[in-house]
S.K.: 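For reference, the structure I am asking about is given below.
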Amino acid sequence: MSFWSKVIAITRKDALSELRTKEIISAVLVFALLVILIFNFAFGARPEAVDLVASGMLWVTFAFAGVLSLNRAFIVEKEDNCLDGLLICPMSREVIYVGKVLASLLFMLIVEAIALPVFALLFNLPVLTAQLIGITVLVTIGFVAVGTLFSALAVNTKAREMVLPILFLPIVIPLIVAAVKASELALAGKSWGELYPWLPIIISFDVIFLVVAYLIFAFIVEE
Amino acid sequence: MGQEASQSSAIEVRGLTKSFGDRLALKGVSLTIARGESVVIFGPNGAGKTTLVKVLATILKPTSGRVLINALEVKSSAEAIRRHIGVVTHQTFLYGNLTAYENLDFYARMFDVPRRRERVQEVAALVGMTSRLHDRVSTLSRGMQQRISIARALLHKPGIMLLDEAETGLDPQATGLLWSAMRTGENGEPRTIILTTHNLERGFALCDRLLIMGQGKILYEASRQVLDLTGLIEAYQHCTGVRI
(Lines give C-alpha, C1' and ligand atoms only; values in the text may rest on other atoms or scores of the structure.)
Protein backbone atom coordinates (compact mmCIF):
# COMPACT_ATOMS: atom_id res chain seq x y z
CA MET A 1 0.00 0.00 0.00
CA SER A 2 1.37 3.39 -0.93
CA PHE A 3 2.06 6.38 1.30
CA TRP A 4 -1.15 8.06 0.19
CA SER A 5 -3.35 4.99 0.69
CA LYS A 6 -2.25 4.85 4.33
CA VAL A 7 -2.73 8.60 4.70
CA ILE A 8 -6.29 8.23 3.40
CA ALA A 9 -6.88 5.26 5.74
CA ILE A 10 -5.93 7.43 8.75
CA THR A 11 -8.08 10.34 7.56
CA ARG A 12 -10.97 7.94 6.88
CA LYS A 13 -10.62 6.41 10.33
CA ASP A 14 -10.77 9.84 11.98
CA ALA A 15 -13.71 10.91 9.82
CA LEU A 16 -15.60 7.71 10.67
CA SER A 17 -14.93 8.24 14.37
CA GLU A 18 -16.09 11.88 14.10
CA LEU A 19 -19.19 10.84 12.18
CA ARG A 20 -20.11 8.59 15.13
CA THR A 21 -19.38 11.04 17.95
CA LYS A 22 -19.58 14.48 16.29
CA GLU A 23 -17.36 15.59 19.18
CA ILE A 24 -15.13 17.98 17.25
CA ILE A 25 -17.41 19.45 14.61
CA SER A 26 -20.40 20.06 16.88
CA ALA A 27 -18.34 21.65 19.67
CA VAL A 28 -16.26 23.82 17.33
CA LEU A 29 -19.28 24.84 15.27
CA VAL A 30 -21.26 25.90 18.33
CA PHE A 31 -18.23 27.86 19.56
CA ALA A 32 -17.74 29.59 16.18
CA LEU A 33 -21.42 30.49 15.87
CA LEU A 34 -21.51 31.85 19.42
CA VAL A 35 -18.49 34.05 18.77
CA ILE A 36 -20.05 35.38 15.56
CA LEU A 37 -23.27 36.03 17.45
CA ILE A 38 -21.42 37.91 20.20
CA PHE A 39 -19.67 40.04 17.58
CA ASN A 40 -23.04 40.66 15.99
CA PHE A 41 -24.43 41.97 19.28
CA ALA A 42 -21.34 44.14 19.73
CA PHE A 43 -21.06 45.62 16.24
CA GLY A 44 -24.17 44.60 14.30
CA ALA A 45 -26.00 47.89 14.80
CA ARG A 46 -23.06 49.93 13.49
CA PRO A 47 -22.39 49.09 9.82
CA GLU A 48 -19.43 51.47 9.64
CA ALA A 49 -17.75 49.61 12.53
CA VAL A 50 -18.51 46.25 10.87
CA ASP A 51 -16.76 47.36 7.68
CA LEU A 52 -13.66 48.18 9.72
CA VAL A 53 -13.46 45.04 11.84
CA ALA A 54 -15.24 42.36 9.76
CA SER A 55 -12.16 40.50 8.59
CA GLY A 56 -10.65 40.69 12.09
CA MET A 57 -13.83 39.23 13.59
CA LEU A 58 -13.79 36.45 11.04
CA TRP A 59 -10.21 35.38 11.78
CA VAL A 60 -10.47 35.74 15.53
CA THR A 61 -13.42 33.35 15.30
CA PHE A 62 -11.62 30.85 13.05
CA ALA A 63 -8.31 31.03 14.94
CA PHE A 64 -9.89 30.20 18.30
CA ALA A 65 -12.21 27.64 16.74
CA GLY A 66 -9.09 26.11 15.18
CA VAL A 67 -7.39 25.85 18.58
CA LEU A 68 -10.44 24.07 19.94
CA SER A 69 -10.54 21.65 17.01
CA LEU A 70 -6.81 20.96 16.89
CA ASN A 71 -6.72 20.29 20.62
CA ARG A 72 -8.82 17.18 19.92
CA ALA A 73 -6.74 15.96 16.96
CA PHE A 74 -4.51 13.63 18.94
CA ILE A 75 -6.71 12.94 21.95
CA VAL A 76 -8.35 10.06 20.10
CA GLU A 77 -4.88 8.55 19.67
CA LYS A 78 -4.19 8.75 23.42
CA GLU A 79 -7.22 6.66 24.34
CA ASP A 80 -5.88 3.14 24.86
CA ASN A 81 -2.57 4.39 23.48
CA CYS A 82 -3.58 4.13 19.83
CA LEU A 83 -0.62 6.33 18.90
CA ASP A 84 1.68 3.41 19.78
CA GLY A 85 -0.59 1.28 17.59
CA LEU A 86 0.18 3.63 14.69
CA LEU A 87 3.88 3.72 15.55
CA ILE A 88 4.20 -0.07 15.17
CA CYS A 89 2.70 0.01 11.66
CA PRO A 90 5.19 -0.42 8.80
CA MET A 91 5.18 3.13 7.52
CA SER A 92 7.04 6.37 8.06
CA ARG A 93 5.88 8.65 10.89
CA GLU A 94 5.06 11.31 8.28
CA VAL A 95 2.09 9.22 7.11
CA ILE A 96 0.49 9.87 10.51
CA TYR A 97 1.16 13.60 10.23
CA VAL A 98 -0.32 13.95 6.75
CA GLY A 99 -3.33 11.77 7.64
CA LYS A 100 -4.02 13.89 10.72
CA VAL A 101 -3.57 17.15 8.79
CA LEU A 102 -6.14 16.05 6.22
CA ALA A 103 -8.61 14.98 8.91
CA SER A 104 -8.24 18.27 10.81
CA LEU A 105 -8.50 20.22 7.55
CA LEU A 106 -11.71 18.40 6.68
CA PHE A 107 -13.27 19.14 10.08
CA MET A 108 -12.21 22.80 10.02
CA LEU A 109 -13.48 23.33 6.47
CA ILE A 110 -16.86 21.84 7.37
CA VAL A 111 -17.15 24.24 10.32
CA GLU A 112 -16.09 27.18 8.14
CA ALA A 113 -18.48 26.17 5.36
CA ILE A 114 -21.35 26.50 7.84
CA ALA A 115 -20.02 29.53 9.75
CA LEU A 116 -19.22 31.68 6.69
CA PRO A 117 -22.81 31.91 5.36
CA VAL A 118 -24.02 32.69 8.90
CA PHE A 119 -21.40 35.44 9.08
CA ALA A 120 -22.54 36.77 5.69
CA LEU A 121 -26.17 36.72 6.79
CA LEU A 122 -25.68 38.44 10.15
CA PHE A 123 -23.33 41.16 8.92
CA ASN A 124 -24.71 41.53 5.38
CA LEU A 125 -21.24 41.19 3.86
CA PRO A 126 -20.16 39.69 0.50
CA VAL A 127 -18.36 36.81 2.20
CA LEU A 128 -19.20 34.11 -0.31
CA THR A 129 -16.77 35.19 -3.02
CA ALA A 130 -14.11 33.07 -4.71
CA GLN A 131 -11.39 35.28 -3.20
CA LEU A 132 -12.59 34.97 0.38
CA ILE A 133 -13.28 31.24 0.08
CA GLY A 134 -9.80 30.76 -1.43
CA ILE A 135 -8.18 32.75 1.39
CA THR A 136 -10.15 30.76 3.99
CA VAL A 137 -8.99 27.42 2.55
CA LEU A 138 -5.34 28.54 2.28
CA VAL A 139 -5.22 29.98 5.81
CA THR A 140 -6.91 26.87 7.23
CA ILE A 141 -4.19 24.74 5.60
CA GLY A 142 -1.59 26.83 7.45
CA PHE A 143 -3.52 26.52 10.72
CA VAL A 144 -3.74 22.74 10.56
CA ALA A 145 -0.13 22.34 9.35
CA VAL A 146 1.15 24.07 12.51
CA GLY A 147 -1.67 23.00 14.81
CA THR A 148 -1.39 19.28 14.07
CA LEU A 149 2.30 19.36 14.95
CA PHE A 150 1.72 21.18 18.23
CA SER A 151 -1.30 19.04 19.00
CA ALA A 152 0.96 15.96 18.84
CA LEU A 153 3.39 17.74 21.15
CA ALA A 154 0.74 18.98 23.59
CA VAL A 155 -1.16 15.72 23.89
CA ASN A 156 1.48 14.22 26.18
CA THR A 157 1.41 17.18 28.54
CA LYS A 158 -0.87 17.48 31.55
CA ALA A 159 -2.24 20.92 30.65
CA ARG A 160 -2.73 20.18 26.96
CA GLU A 161 -5.64 22.63 26.58
CA MET A 162 -3.30 25.41 27.74
CA VAL A 163 -0.15 24.24 25.96
CA LEU A 164 -1.56 24.18 22.43
CA PRO A 165 -2.76 27.82 22.24
CA ILE A 166 0.44 29.01 23.94
CA LEU A 167 2.56 27.27 21.30
CA PHE A 168 0.20 27.67 18.36
CA LEU A 169 -0.98 31.27 18.45
CA PRO A 170 2.44 33.04 18.47
CA ILE A 171 3.55 30.97 15.48
CA VAL A 172 0.43 31.70 13.43
CA ILE A 173 0.42 35.46 14.10
CA PRO A 174 1.94 36.26 10.66
CA LEU A 175 -0.68 34.01 9.07
CA ILE A 176 -3.54 35.68 10.96
CA VAL A 177 -2.26 39.16 10.06
CA ALA A 178 -1.99 38.19 6.39
CA ALA A 179 -5.42 36.54 6.52
CA VAL A 180 -7.03 39.65 8.03
CA LYS A 181 -5.40 41.96 5.47
CA ALA A 182 -6.20 39.74 2.49
CA SER A 183 -9.78 39.22 3.68
CA GLU A 184 -10.22 42.97 4.10
CA LEU A 185 -9.27 43.45 0.45
CA ALA A 186 -11.49 40.55 -0.63
CA LEU A 187 -14.47 41.99 1.27
CA ALA A 188 -13.83 45.32 -0.49
CA GLY A 189 -14.35 43.46 -3.78
CA LYS A 190 -10.70 43.42 -4.91
CA SER A 191 -9.52 40.97 -7.54
CA TRP A 192 -6.98 38.14 -7.01
CA GLY A 193 -4.16 40.31 -8.35
CA GLU A 194 -4.94 43.04 -5.81
CA LEU A 195 -4.51 40.67 -2.86
CA TYR A 196 -0.72 41.04 -3.25
CA PRO A 197 1.42 40.79 -1.08
CA TRP A 198 -0.85 39.06 1.46
CA LEU A 199 -1.81 36.07 -0.64
CA PRO A 200 1.83 35.11 -1.42
CA ILE A 201 2.62 35.45 2.31
CA ILE A 202 -0.19 33.02 3.16
CA ILE A 203 0.95 30.56 0.49
CA SER A 204 4.58 30.84 1.63
CA PHE A 205 3.55 30.24 5.25
CA ASP A 206 1.61 27.12 4.21
CA VAL A 207 4.49 25.69 2.20
CA ILE A 208 7.17 26.44 4.80
CA PHE A 209 5.24 25.11 7.77
CA LEU A 210 3.92 22.04 5.95
CA VAL A 211 7.49 21.12 5.03
CA VAL A 212 9.00 21.94 8.45
CA ALA A 213 6.24 20.18 10.40
CA TYR A 214 6.46 17.17 8.05
CA LEU A 215 10.20 16.93 8.67
CA ILE A 216 10.14 17.23 12.46
CA PHE A 217 6.96 15.30 13.24
CA ALA A 218 8.84 12.00 13.68
CA PHE A 219 11.02 13.49 16.43
CA ILE A 220 7.95 14.68 18.30
CA VAL A 221 6.03 11.40 18.30
CA GLU A 222 8.98 9.12 18.93
CA GLU A 223 10.16 10.46 22.29
CA MET B 1 28.45 -10.25 17.35
CA GLY B 2 28.83 -12.28 14.22
CA GLN B 3 26.48 -12.15 11.26
CA GLU B 4 25.96 -15.92 11.64
CA ALA B 5 24.68 -15.58 15.18
CA SER B 6 22.26 -12.82 14.20
CA GLN B 7 20.86 -14.85 11.30
CA SER B 8 20.14 -17.94 13.40
CA SER B 9 18.47 -15.98 16.19
CA ALA B 10 15.23 -14.04 16.06
CA ILE B 11 16.36 -11.31 18.43
CA GLU B 12 19.87 -10.14 19.30
CA VAL B 13 20.38 -7.33 21.79
CA ARG B 14 23.87 -6.13 22.70
CA GLY B 15 24.68 -3.42 25.23
CA LEU B 16 21.30 -1.72 24.87
CA THR B 17 20.80 1.47 26.81
CA LYS B 18 17.80 3.77 26.74
CA SER B 19 17.61 7.04 28.59
CA PHE B 20 14.78 9.51 29.10
CA GLY B 21 16.53 12.76 29.90
CA ASP B 22 18.81 12.03 32.85
CA ARG B 23 17.06 8.80 33.76
CA LEU B 24 18.58 5.61 32.41
CA ALA B 25 15.75 3.10 31.87
CA LEU B 26 17.90 0.36 30.29
CA LYS B 27 21.52 -0.08 31.35
CA GLY B 28 23.43 -2.25 28.92
CA VAL B 29 20.92 -5.04 28.31
CA SER B 30 22.18 -7.99 26.26
CA LEU B 31 20.17 -11.03 25.28
CA THR B 32 19.74 -13.51 22.44
CA ILE B 33 16.47 -15.21 21.62
CA ALA B 34 16.38 -18.15 19.23
CA ARG B 35 13.70 -18.58 16.59
CA GLY B 36 10.62 -20.24 18.05
CA GLU B 37 11.76 -19.65 21.60
CA SER B 38 9.38 -18.31 24.23
CA VAL B 39 10.98 -16.03 26.79
CA VAL B 40 9.22 -14.47 29.74
CA ILE B 41 10.55 -11.36 31.50
CA PHE B 42 9.63 -10.78 35.12
CA GLY B 43 10.37 -7.72 37.18
CA PRO B 44 8.80 -5.13 39.44
CA ASN B 45 7.41 -1.83 38.16
CA GLY B 46 10.17 0.37 36.77
CA ALA B 47 12.45 -2.58 36.02
CA GLY B 48 12.66 -1.65 32.33
CA LYS B 49 10.48 -4.43 30.87
CA THR B 50 8.12 -2.15 28.98
CA THR B 51 10.96 0.05 27.73
CA LEU B 52 12.74 -3.05 26.41
CA VAL B 53 9.57 -4.20 24.63
CA LYS B 54 9.04 -0.71 23.18
CA VAL B 55 12.58 -0.65 21.79
CA LEU B 56 12.10 -4.12 20.28
CA ALA B 57 8.77 -2.95 18.84
CA THR B 58 10.57 0.07 17.28
CA ILE B 59 8.33 2.48 19.18
CA LEU B 60 11.40 3.85 20.99
CA LYS B 61 14.87 4.28 19.54
CA PRO B 62 17.83 2.88 21.49
CA THR B 63 20.13 5.46 23.05
CA SER B 64 23.09 3.16 22.43
CA GLY B 65 23.76 -0.50 21.74
CA ARG B 66 22.70 -2.80 18.98
CA VAL B 67 19.33 -4.48 18.41
CA LEU B 68 18.78 -6.94 15.57
CA ILE B 69 15.43 -8.53 14.79
CA ASN B 70 15.50 -11.25 12.16
CA ALA B 71 18.98 -9.91 11.32
CA LEU B 72 17.58 -6.41 10.68
CA GLU B 73 18.98 -3.49 12.65
CA VAL B 74 16.25 -1.49 14.44
CA LYS B 75 17.99 1.83 13.87
CA SER B 76 18.10 1.47 10.10
CA SER B 77 15.31 -0.99 9.23
CA ALA B 78 12.49 -0.15 11.62
CA GLU B 79 9.78 -0.18 8.96
CA ALA B 80 10.81 -3.61 7.67
CA ILE B 81 11.05 -4.99 11.22
CA ARG B 82 7.48 -3.95 11.99
CA ARG B 83 6.26 -6.45 9.41
CA HIS B 84 7.90 -9.24 11.42
CA ILE B 85 6.49 -8.40 14.83
CA GLY B 86 3.09 -8.40 16.48
CA VAL B 87 2.64 -6.34 19.64
CA VAL B 88 0.05 -6.85 22.35
CA THR B 89 0.13 -4.79 25.53
CA HIS B 90 -2.27 -4.08 28.38
CA GLN B 91 -3.41 -1.15 26.23
CA THR B 92 -5.32 -2.41 23.22
CA PHE B 93 -4.45 0.23 20.56
CA LEU B 94 -8.13 0.05 19.54
CA TYR B 95 -10.47 2.94 18.73
CA GLY B 96 -13.52 2.73 20.99
CA ASN B 97 -15.82 4.56 18.57
CA LEU B 98 -15.14 2.12 15.75
CA THR B 99 -16.41 -1.44 15.56
CA ALA B 100 -14.06 -4.37 16.06
CA TYR B 101 -14.25 -5.01 12.31
CA GLU B 102 -13.43 -1.39 11.43
CA ASN B 103 -10.46 -1.48 13.80
CA LEU B 104 -9.10 -4.70 12.33
CA ASP B 105 -9.73 -3.48 8.78
CA PHE B 106 -7.87 -0.24 9.57
CA TYR B 107 -4.81 -2.07 10.90
CA ALA B 108 -4.98 -4.53 8.00
CA ARG B 109 -4.70 -1.55 5.64
CA MET B 110 -1.77 -0.18 7.64
CA PHE B 111 0.03 -3.54 7.39
CA ASP B 112 -0.79 -4.04 3.68
CA VAL B 113 -2.58 -7.29 4.47
CA PRO B 114 -3.79 -8.96 1.26
CA ARG B 115 -7.42 -10.20 1.10
CA ARG B 116 -8.27 -7.98 4.06
CA ARG B 117 -11.87 -9.03 4.55
CA GLU B 118 -11.05 -12.74 4.71
CA ARG B 119 -8.05 -12.19 6.96
CA VAL B 120 -10.09 -10.10 9.40
CA GLN B 121 -12.65 -12.92 9.59
CA GLU B 122 -9.86 -15.47 10.10
CA VAL B 123 -8.22 -13.69 13.02
CA ALA B 124 -11.60 -12.87 14.58
CA ALA B 125 -12.45 -16.58 14.47
CA LEU B 126 -9.05 -17.41 15.95
CA VAL B 127 -9.77 -15.32 19.06
CA GLY B 128 -13.43 -16.34 19.23
CA MET B 129 -14.88 -12.93 18.42
CA THR B 130 -16.72 -13.50 15.13
CA SER B 131 -20.15 -12.86 16.66
CA ARG B 132 -19.15 -9.46 18.11
CA LEU B 133 -17.15 -8.25 15.12
CA HIS B 134 -19.63 -5.52 14.22
CA ASP B 135 -20.03 -4.17 17.74
CA ARG B 136 -18.32 -0.96 18.75
CA VAL B 137 -15.16 -1.67 20.73
CA SER B 138 -16.32 0.62 23.56
CA THR B 139 -19.31 -1.70 24.13
CA LEU B 140 -17.12 -4.80 24.52
CA SER B 141 -15.84 -6.07 27.87
CA ARG B 142 -12.16 -5.58 28.73
CA GLY B 143 -11.42 -9.22 28.01
CA MET B 144 -13.15 -9.05 24.61
CA GLN B 145 -11.23 -5.90 23.73
CA GLN B 146 -8.02 -7.72 24.60
CA ARG B 147 -9.02 -10.58 22.29
CA ILE B 148 -9.55 -8.09 19.45
CA SER B 149 -6.17 -6.59 20.29
CA ILE B 150 -4.59 -10.05 19.91
CA ALA B 151 -6.40 -10.47 16.58
CA ARG B 152 -4.98 -7.09 15.51
CA ALA B 153 -1.46 -8.25 16.32
CA LEU B 154 -1.92 -11.48 14.32
CA LEU B 155 -3.34 -9.82 11.18
CA HIS B 156 -0.06 -9.63 9.27
CA LYS B 157 1.14 -13.11 10.33
CA PRO B 158 4.16 -11.99 12.36
CA GLY B 159 6.89 -14.45 13.27
CA ILE B 160 7.67 -12.66 16.53
CA MET B 161 5.17 -11.66 19.21
CA LEU B 162 5.96 -9.05 21.86
CA LEU B 163 3.51 -9.34 24.72
CA ASP B 164 3.66 -6.71 27.45
CA GLU B 165 1.26 -7.73 30.21
CA ALA B 166 -1.00 -8.97 27.45
CA GLU B 167 -3.07 -11.20 29.71
CA THR B 168 -4.75 -8.12 31.25
CA GLY B 169 -8.50 -8.65 31.44
CA LEU B 170 -8.37 -12.24 30.25
CA ASP B 171 -9.54 -15.13 32.39
CA PRO B 172 -7.10 -18.09 32.76
CA GLN B 173 -9.03 -20.24 30.27
CA ALA B 174 -9.02 -17.51 27.62
CA THR B 175 -5.34 -16.86 28.30
CA GLY B 176 -4.55 -20.51 27.58
CA LEU B 177 -6.57 -20.55 24.36
CA LEU B 178 -5.14 -17.30 23.10
CA TRP B 179 -1.63 -18.32 24.04
CA SER B 180 -1.96 -21.32 21.69
CA ALA B 181 -3.27 -19.01 18.96
CA MET B 182 -0.30 -16.70 19.38
CA ARG B 183 2.29 -19.41 19.93
CA THR B 184 1.60 -21.33 16.74
CA GLY B 185 2.65 -19.54 13.56
CA GLU B 186 0.93 -19.72 10.19
CA ASN B 187 3.19 -22.53 8.99
CA GLY B 188 2.65 -24.56 12.16
CA GLU B 189 6.08 -23.62 13.52
CA PRO B 190 6.18 -21.97 16.95
CA ARG B 191 6.41 -18.19 16.96
CA THR B 192 9.16 -16.44 18.85
CA ILE B 193 7.59 -14.82 21.89
CA ILE B 194 8.73 -12.29 24.45
CA LEU B 195 6.28 -11.96 27.28
CA THR B 196 6.41 -9.60 30.24
CA THR B 197 4.18 -10.25 33.21
CA HIS B 198 3.88 -9.79 36.95
CA ASN B 199 2.18 -13.17 37.25
CA LEU B 200 5.07 -15.54 38.03
CA GLU B 201 2.98 -18.70 37.95
CA ARG B 202 1.38 -18.00 34.59
CA GLY B 203 4.55 -16.70 33.03
CA PHE B 204 6.53 -19.69 34.26
CA ALA B 205 3.99 -22.09 32.76
CA LEU B 206 4.22 -20.46 29.33
CA CYS B 207 7.95 -19.97 28.82
CA ASP B 208 10.99 -21.89 27.59
CA ARG B 209 13.32 -19.47 29.31
CA LEU B 210 12.89 -16.74 31.89
CA LEU B 211 14.61 -13.50 32.74
CA ILE B 212 14.31 -11.30 35.79
CA MET B 213 14.89 -7.58 35.27
CA GLY B 214 15.48 -4.89 37.83
CA GLN B 215 16.71 -1.30 37.60
CA GLY B 216 17.16 -1.50 33.84
CA LYS B 217 19.32 -4.64 33.86
CA ILE B 218 18.87 -8.35 33.42
CA LEU B 219 19.58 -9.71 36.88
CA TYR B 220 18.82 -13.39 36.36
CA GLU B 221 18.39 -15.76 33.44
CA ALA B 222 17.49 -19.46 33.46
CA SER B 223 15.95 -22.15 31.33
CA ARG B 224 12.65 -23.46 32.63
CA GLN B 225 14.09 -26.95 32.51
CA VAL B 226 16.53 -26.21 35.33
CA LEU B 227 14.10 -24.39 37.59
CA ASP B 228 10.76 -25.03 39.28
CA LEU B 229 8.23 -22.41 40.37
CA THR B 230 9.57 -22.35 43.93
CA GLY B 231 13.06 -21.73 42.59
CA LEU B 232 11.72 -18.91 40.43
CA ILE B 233 10.00 -17.27 43.39
CA GLU B 234 13.19 -17.50 45.43
CA ALA B 235 15.25 -16.06 42.58
CA TYR B 236 12.72 -13.25 42.08
CA GLN B 237 12.76 -12.34 45.75
CA HIS B 238 16.53 -12.47 45.85
CA CYS B 239 17.01 -10.32 42.73
CA THR B 240 14.33 -7.71 43.29
CA GLY B 241 14.00 -7.63 47.06
CA VAL B 242 10.24 -7.92 46.57
CA ARG B 243 8.55 -10.49 48.84
CA ILE B 244 5.82 -12.60 47.28
Side-chain angles (χ1 to χ4, degrees), chain A residues 1-27 72-100 103 107 152 155-157 216-223, chain B residues 18-21 50 53-63 77-99 101-114 116 136-138 142 145-146 148-149 152-153 155-156 158 162 164 168:
Chain A
M1 216 173 176
S2 71
F3 178 96
W4 283 105
S5 311
K6 289 183 183 179
V7 165
I8 299 299
I10 290 174
T11 308
R12 183 179 167 275
K13 179 263 296 171
D14 279 0
L16 197 58
S17 186
E18 180 58 24
L19 203 64
R20 298 261 161 81
T21 63
K22 297 170 187 71
E23 267 178 17
I24 298 174
I25 292 177
S26 58
R72 300 291 305 171
F74 274 87
I75 287 180
V76 67
E77 304 301 342
K78 284 304 284 182
E79 287 164 10
D80 239 336
N81 210 8
C82 291
L83 186 58
D84 275 0
L86 292 178
L87 295 179
I88 57 167
C89 293
M91 61 192 186
S92 66
R93 307 316 197 198
E94 290 77 16
V95 172
I96 303 170
Y97 173 72
V98 180
K100 285 286 176 185
F107 302 154
V155 79
N156 287 318
T157 61
I216 64 173
F217 183 77
F219 296 102
I220 285 176
V221 289
E222 277 179 356
E223 296 295 321
Chain B
K18 177 66 196 174
S19 61
F20 298 101
T50 298
V53 168
K54 283 192 167 186
V55 171
L56 296 175
T58 75
I59 294 171
L60 293 174
K61 283 185 176 164
T63 303
S77 309
E79 278 184 54
I81 285 171
R82 291 181 202 132
R83 295 188 186 279
H84 297 263
I85 55 173
V87 182
V88 184
T89 77
H90 58 285
Q91 291 170 309
T92 63
F93 306 163
L94 300 174
Y95 297 93
N97 296 322
L98 305 187
T99 66
Y101 180 87
E102 286 162 349
N103 270 284
L104 293 175
D105 183 64
F106 170 69
Y107 280 106
R109 286 171 193 266
M110 293 290 111
F111 277 92
D112 308 312
V113 172
R116 277 199 321 271
R136 277 196 208 186
V137 164
S138 58
R142 182 70 187 82
Q145 290 182 11
Q146 197 61 3
I148 297 294
S149 182
R152 167 193 58 71
L155 273 169
H156 56 293
L162 304 174
D164 186 17
T168 307

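Treat the numbers as computed from the prediction; the structure is a model and nothing was measured.
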S.K.: Can you tell which part of A:Ile10 gets under 4.5 Å to a heavy atom of chain B, answering side chain, backbone, both or neither?
M.R.: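 Looking at A:Ile10, backbone and side chain both touch chain B.
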
S.K.: Is there a donor-acceptor contact under 3.5 Å from the side chain of B:Arg82 to the main chain of A:Cys89?
M.R.: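 Checked: pair present.
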
S.K.: Evaluate the criterion side chain to side chain contact (heavy atoms under 4.5 Å, CB included) for residue pair A:Lys13 and B:Arg109; output intermediate values, then yes/no.
M.R.: CA-CA 11 Å; A:Lys13 179 263 296 171; B:Arg109 286 171 193 266; over 6 Å; no

S.K.: When only pairs under 4.5 Å are counted, which of A:Val95, A:Leu83, A:Leu86 shares the most heavy-atom pairs with chain B?
M.R.: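 Looking at each option in turn, the highest pair count goes to A:Leu86.
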
S.K.: Check for a donor-acceptor pair, side chain of B:Asn97 on one end and backbone N or O of A:Ser17 on the other, with a separation under 3.5 Å.
M.R.: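 Pair absent, no side-chain N/O of B:Asn97 close to backbone of A:Ser17.
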
S.K.: The test is side chain to side chain contact (heavy atoms under 4.5 Å, CB included); show your working for B:Met110 and A:Lys6 and say whether it passes.
M.R.: CA-CA 6 Å; B:Met110 293 290 111; A:Lys6 289 183 183 179; 3.8 Å; yes

S.K.: To the nearest 0.5 Å, tell me how far A:Arg12 CZ sits from B:Glu102 CD.
M.R.: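 Rounded to the nearest 0.5 Å, the CZ-CD separation comes to 7.5 Å.
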
S.K.: Which distance, rounded to the nearest 0.5 Å, do you find between the CG of B:Leu98 and the CG of A:Asp14?
M.R.: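 Atom-to-atom, B:Leu98:CG and A:Asp14:CG are 9.0 Å apart.
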
S.K.: Rounded at 0.5 Å granularity, tell me how far NZ in B:Lys54 sits from CG in A:Asp84.
M.R.: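 So the gap between those two atoms works out to 4.5 Å.
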
S.K.: What residue in A:Leu16, A:Ile88, A:Leu87 has the most heavy-atom pairs under 4.5 Å with chain B?
M.R.: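 Among the listed options, the one with the most contacts to chain B is A:Ile88.
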
S.K.: Chain A: which of B:Thr92, B:Val87, B:Asp105 shares the most heavy-atom pairs with it under 4.5 Å?
M.R.: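 Result: the option with the highest number of such pairs is B:Thr92.
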
S.K.: Any luck finding a side-chain donor-acceptor pair between B:Tyr95 and A:Glu79 under 3.5 Å?
M.R.: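 Looking only at side-chain atoms, A:Glu79 and B:Tyr95 do not form any donor-acceptor pair under 3.5 Å.
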
S.K.: Measure the CE-CZ distance between A:Met91 and B:Phe111 for me, rounded to the nearest 0.5 Å.
M.R.: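 One finds 8.5 Å between CE of A:Met91 and CZ of B:Phe111.
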
S.K.: Under 4.5 Å heavy-atom distance to chain A, tell me which part of B:Phe106 shows up: side chain, backbone, both or neither.
M.R.: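 Side chain only.
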
S.K.: Would you compute the distance between atom CG of A:Asp80 and atom NE2 of B:His90 and round it to the nearest 0.5 angstrom?
M.R.: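 That separation rounds to 9.0 Å.
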
S.K.: Rounded to the nearest 0.5 Å, what separation is found between the CG atom of A:Asn81 and the CD1 atom of B:Ile59?
M.R.: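 Reported to 0.5 Å precision, the distance equals 7.5 Å.
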
